[in-house]
Amino acid sequence: MDFLDRERLAPLYARELALFHARIPKSLAAREIARGFMPDGVPMSWMSAFFSHPPVFVDAGEGSIFRDVDGNAFIDFNLADLSNTVGYGNTAVAKALVDCATRGIQYLQPSMDAIAVSAALAARTQMPFWQYTGTASAANIEAIRIARAYTRREKVVLFTGKYHGHIDTTLAKGGGPESNEPARPSSMGVSARATADTVNVAFNDLDQLKAALDKGDVALVLIEPALTNCSLVLPDAGFLEGAYEMTRAAGALFALDETHTLQMAYGGLIGERGLEADILTLGKGFGAGVPLGAYGLTPELARFIDKHQDGDTVPEPGIALGGTTYANALSLAGARAMLDEVATSDAHSRIAKLGARLADGLDGIIARHGLPWRAFRYGPRSGFCLSPTFPRTYGEAIRSVHADFYNLRHTYLANRGIWDAIVSAGPQVSFAHTEQDVDRYIEVCSELMDEIAAA
Ligand SMILES: Cc1ncc(COP(=O)(O)O)c(C=O)c1O
């Protein structure tokens with residue numbers, strides 16, 4: 001029988017799920033009330049869709065730990081899918097947010113923090129000009145719109161296995177450069193017209209990218225510098241540099257989406273490796289858990305959007321950018337505290353060491369069980385890679401996204417005080433984690449793997 005055989009995992013999962021239900025009576029009762037007001041009893045569908053067990057209603061958190069209304073404590077390795085890398089109750093961030101909130105949260109005029117945040121992002125990433133949105137998805141929407149306006153072309157090239165948010169253009173599958181069929185919607189409710197201008201090519205494959213660009217109709221190549229939403233795929237040496245050169249030569253724009261990778265390295269991959277891009281989109285953790293997205297621009301693109309502003313007092317229609325609550329004072333105050341006082345270069349080095357400790361621990365468990373696996377490792381991120389070699393493509397990466405193993409693992413770990421990452425990601429340490437937190441994750445995982453082996 002295979003180590004992850006369903007027959008082995010199913011009885012353990014049934015036992016753990018029953019235990020989980022028994023541990024969360026108040027959450028279950030709250031959800032029943034909530035079902036009267038919200039679909040599935042949650043304010044945002046991911047909160048129940050991400051996990052096979054019921055959601056817990058949260059009470060409060062401190063450091064790396066949050067507690068539910070039943071009093072269960074969880075060391076958090078999901079970090080709200082990297083939107084809460086700061087941890088819980090950070091005093092510098094809390095002070096900045098309270099100071100701001102007592103003076104005023106939202107003006108629809110710039111605050112001084114906008115200058116400080118832009119300067120900090122520019123220093124880390126070398127992208128000189130910045131705009132802010134409410135989310136990373138919104139930053140990607142604006143990146144696509146700017147590229148279409150600038151190049152006067154329509155097509156957007158994406159990489160299979162990507163995730164850029166719930167944006168119609170990017171919710172597309174198929175439609176590779178060799179295909180005669182256009183890309184089609186990958187989810188319900190997206191119109192076929194919205195995905196017809198999307199081209200999906202394989203990650204780490206410059207030949208496919210060239211074939212897509214050779215048609216001369218591409219506005220934007222939008223890429224996560226590492227695929228982080230189908231386990232983890234790191235770029236081959238020279239791939240991102242080659243993709244940038246090729247894109248520029250084809251008259252298209254090149255956008256890096258570092259929504260996740262900015263949480264994994266100081267300045268993201270663009271800062272760490274000195275990459276080049278026309279647009280850099282960000283979101284999640286750099287806003288200290290307060291909704292915030294951003295995009296960096298070259299001077300040329302900054303001038304372009306300056307020239308083509310759109311608004312009630314502007315005579316000619318320009319590019320529609322912005323939103324009423326984007327760049328509000330509160331989110332920029334949080335981001336300033338986050339960048340200046342939490343996500344410093346030293347702090348990134350510290351969490352990278354913790355990430356390596358986590359990966360070493362998982363590698364130890366894998367070796368002890370003689371499994372043909374290894375641990376993912378990139379800065380603070382790790383997790384089980386269910387093959388002996390690291391993936392280079394989506395097809396290879398998706399093999400590590402194993403639903404039965406994941407459902408058991410999340411439930412088993414939750415019953416022992418660990419909140420694991422969502423299935424498409426891997427455990428990641430926040431700025432609030434300690435060595436003890438990491439060791440506890442390894443210890444509980446080790447117990448789980450022993451139980452699976454004995455089943
Ligand atoms: C690489 C990447 N870009 C964009 C997004 C969208 O982020 P948000 O849902 O915060 O808009 C995500 C979310 O997982 C992401 O992983």
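Note that the structure is predicted; figures quoted are calculated from it, not measured. Remember, it's 1-based here, ligands and their atoms both numbered in the order they're listed.
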Trainee: Within the 4.0 Å heavy-atom shell around H260, which atoms of ligand 1 are there?
Mentor: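 Within the 4.0 Å cut-off of H260, ligand 1 contributes 14 (O), 16 (O).
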
Trainee: Just jot down the ligand 1 atoms closer than 4.0 angstrom to any heavy atom of T135, in number order.
Mentor: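 Answer, ordered by atom number: 11 (O).
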
Trainee: What is the closest protein heavy atom to atom 3 (N) of ligand 1, and at what distance does it sit?
Mentor: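 In this structure, atom 3 (N) of ligand 1 has D257 OD2, 2.6 Å as its nearest protein heavy atom.
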
Trainee: Suppose I only count heavy atoms of G165 and a 4.0 Å limit; which atoms of ligand 1 are within that range?
Mentor: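 In order of number, 4 (C), 5 (C), 6 (C).
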
Trainee: Using a 4.0 Å cutoff against the non-hydrogen atoms of D81, which atoms of ligand 1 qualify?
Mentor: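 Counting from 1, the qualifying ligand atoms are 14 (O).
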
Trainee: Only heavy atoms of N229, strictly under 4.0 Å: list the atoms of ligand 1 that pass.
Mentor: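 Those atoms are 1 (C), 14 (O), 15 (C), 16 (O).
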
Trainee: Mind checking whether K284 contacts ligand 1 via backbone (N, CA, C, O), side chain (CB onward), both or neither, at a 4.0 Å heavy-atom cut-off?
Mentor: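 Just the side chain.
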
Trainee: Would you mind listing which atoms of ligand 1 come within a distance below 4.0 Å of any non-hydrogen atom of N140?
Mentor: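 Heavy-atom distances to N140 below 4.0 Å select 3 (N), 4 (C).
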
Trainee: Please say whether E224 places an N or O atom under 3.5 Å from an N or O atom belonging to ligand 1.
Mentor: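 Not met; the criterion fails.
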
Trainee: Among all protein non-hydrogen atoms, which one is nearest to atom 15 (C) of ligand 1, and what is the separation to 0.1 Å?
Mentor: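 Going atom by atom, the protein heavy atom closest to atom 15 (C) of ligand 1 ends up being Y163 O, 3.7 Å.
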
Trainee: Would you say the side-chain atoms of D40 and S48 include a donor-acceptor pair closer than 3.5 Å?
Mentor: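 Side chains of D40 and S48: pair found under 3.5 Å.
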
Trainee: Distance to the ring centre below 6.0 angstrom and angle to the axis at most 45 degrees; does that hold for R409 and F405?
Mentor: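 Positive - R409 is close enough to the ring of F405 and near enough to its axis.
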
Trainee: If you draw the axis of the six-membered ring of F254, does the NZ or CZ of R248 fall within 45° of it and under 6.0 Å from the ring centre?
Mentor: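 Judged by the rule, R248 and F254 form no cation-pi pair.
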
Trainee: Using a plain distance cutoff, I'd like to know if S137 has any nitrogen or oxygen under 3.5 Å from a nitrogen or oxygen of ligand 1.
Mentor: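 Yes; at least one N/O pair falls below 3.5 Å.
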
Trainee: Determine yes or no for a side-chain-to-main-chain donor-acceptor pair under 3.5 angstrom, with Q263 supplying the side chain and G283 the backbone.
Mentor: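 Looks like yes, one N/O pair under 3.5 Å.
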
Trainee: For residues S331 and Y326, is any side-chain donor paired with an opposing acceptor at under 3.5 Å?
Mentor: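 There is no such pair (donor and acceptor under 3.5 Å, judged by atom type) between the side chains of S331 and Y326.
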
Trainee: For atom 7 (O) of ligand 1, what is the nearest protein heavy atom, given as residue, atom name and distance?
Mentor: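 Ranking protein heavy atoms by distance from atom 7 (O) of ligand 1, first comes A136 CB, 3.5 Å.
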
Trainee: Name the orientation class of the two ring planes belonging to F20 and W419 (parallel below 30°, tilted from 30 to 60°, perpendicular beyond 60°).
Mentor: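 Because their plane-to-plane angle lies in the 30° to 60° range, the rings of F20 and W419 count as tilted.
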
Trainee: H308 vs F304 aromatic rings, parallel, tilted or perpendicular, using cut-offs 30° and 60°?
Mentor: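 H308 vs F304 ring planes: tilted.
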
Trainee: I want to check something: taking the side chain as every heavy atom from C-beta on, are F51 and Y406 in contact at a cut-off of under 4.5 Å?
Mentor: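 Heavy-atom side-chain distance check passes, below 4.5 Å.
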
Trainee: Could you tell me whether some N/O pair between W46 and ligand 1 is separated by less than 3.5 angstrom?
Mentor: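 No - when backbone and side-chain N and O of W46 are compared with those of ligand 1, no distance drops under 3.5 Å.
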
Trainee: Tell me, please, whether Y412 has R416 positioned over its six-membered ring: NZ or CZ under 6.0 Å from the ring centre and within 45 degrees of its axis?
Mentor: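 Cation-pi check for R416 and Y412: passes.
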
